[in-house]
Amino acid sequence: QVQLVESGGGLVQAGGSLRLSCAASGLTFSRYVMGWFRQSPGKEREFVAAITWSGDSTYYADSVKGRFTISRDNARNTVYLQMNSLKPEDTAVYYCAADRRVGIRVIEYDWWGQGTQVTVSS
């Protein structure tokens with residue numbers, strides 16, 4: 001049974017930082033591309049970042065480039081999202097997801113976590 005469990009969300013002031021973690025189990029982690037997505041009220045879930053199997057390639061939404069960094073530790077079956085210079089518009093529920101192939105669309109990902117809330121106050 002595949003499980004993805006996010007943690008690290010919370011309330012932070014604009015300009016601050018948070019580090020999200022996603023611990024995976026029930027799959028061969030190193031064989032999966034890992035992605036982060038987010039969804040705010042009234043909006044569709046959107047791509048944030050993705051990282052390939054060994055971590056040698058990363059992809060980012062334009063809105064977070066230069067501020068967010070995705071990384072992974074295959075020994076710990078964990079993917080991270082370091083978020084710096086946070087803005088109120090980054091407020092959302094953040095989800096991690098897993099898939100065999102690289103993608104930036106929600107429909108491309110097979111497995112999803114339950115999400116963690118990130119709130120950025122102005």
Under the criterion side chain to side chain contact (heavy atoms under 4.5 Å, CB included), which of [options] is the partner of [X]?
X	options	result
Met34	Val79, Leu81, Thr52	Val79
Phe47	Trp36, Tyr59, Tyr60	Tyr59
Gln13	Ser121, Ser122, Pro88	Ser121

Residues that Trp53 engages under ring pair (Phe, Tyr, Trp, His ring centres under 6.0 Å), provided they are two or more places apart: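 Listed in chain order: nothing, the list is empty.
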
Minimum-distance pair of heavy atoms, taken over all atoms of Gln114 and Val5: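 Shortest heavy-atom separation between Gln114 and Val5 comes out as OE1-CA, 3.8 Å.
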
Once rounded to the nearest 0.5 Å, what's the spacing between atom [atom1] of [X] and atom [atom2] of [Y]?
X	Y	atom1	atom2	result
Asp110	Asp99	CG	CG	4.5 Å
Glu44	Gln39	CD	CD	8.5 Å
Ile70	Gln82	CD1	CD	12.0 Å

Are any side-chain N or O atoms of [X] and backbone N or O atoms of [Y], one a donor and one an acceptor, separated by less than 3.5 Å?
X	Y	value
Arg67	Ser85	yes
Thr119	Thr91	no
Arg45	Tyr95	no
Glu6	Gly115	yes

Salt bridge flag under 4.0 Å for residues Lys65 and Asp62: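 Here Lys65 pairs with Asp62 in a salt bridge, since their nearest N and O are under 4.0 Å apart.
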
Ring geometry between Tyr94 and Phe68 (parallel below 30°, tilted from 30 to 60°, perpendicular above 60°):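 Tilted, since the angle between the ring planes falls between 30° and 60°.
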
Residue pairs passing the disulfide bond (SG atoms under 2.5 Å apart) test where at least one lies in residues 13-118, sequence neighbours excluded: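 Every pair satisfying disulfide bond (SG atoms under 2.5 Å apart) with a residue in residues 13-118: Cys22-Cys96.
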
Crowding at CH2, Trp112 (>12 non-hydrogen neighbours, <6.0 Å):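 Enclosed.
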
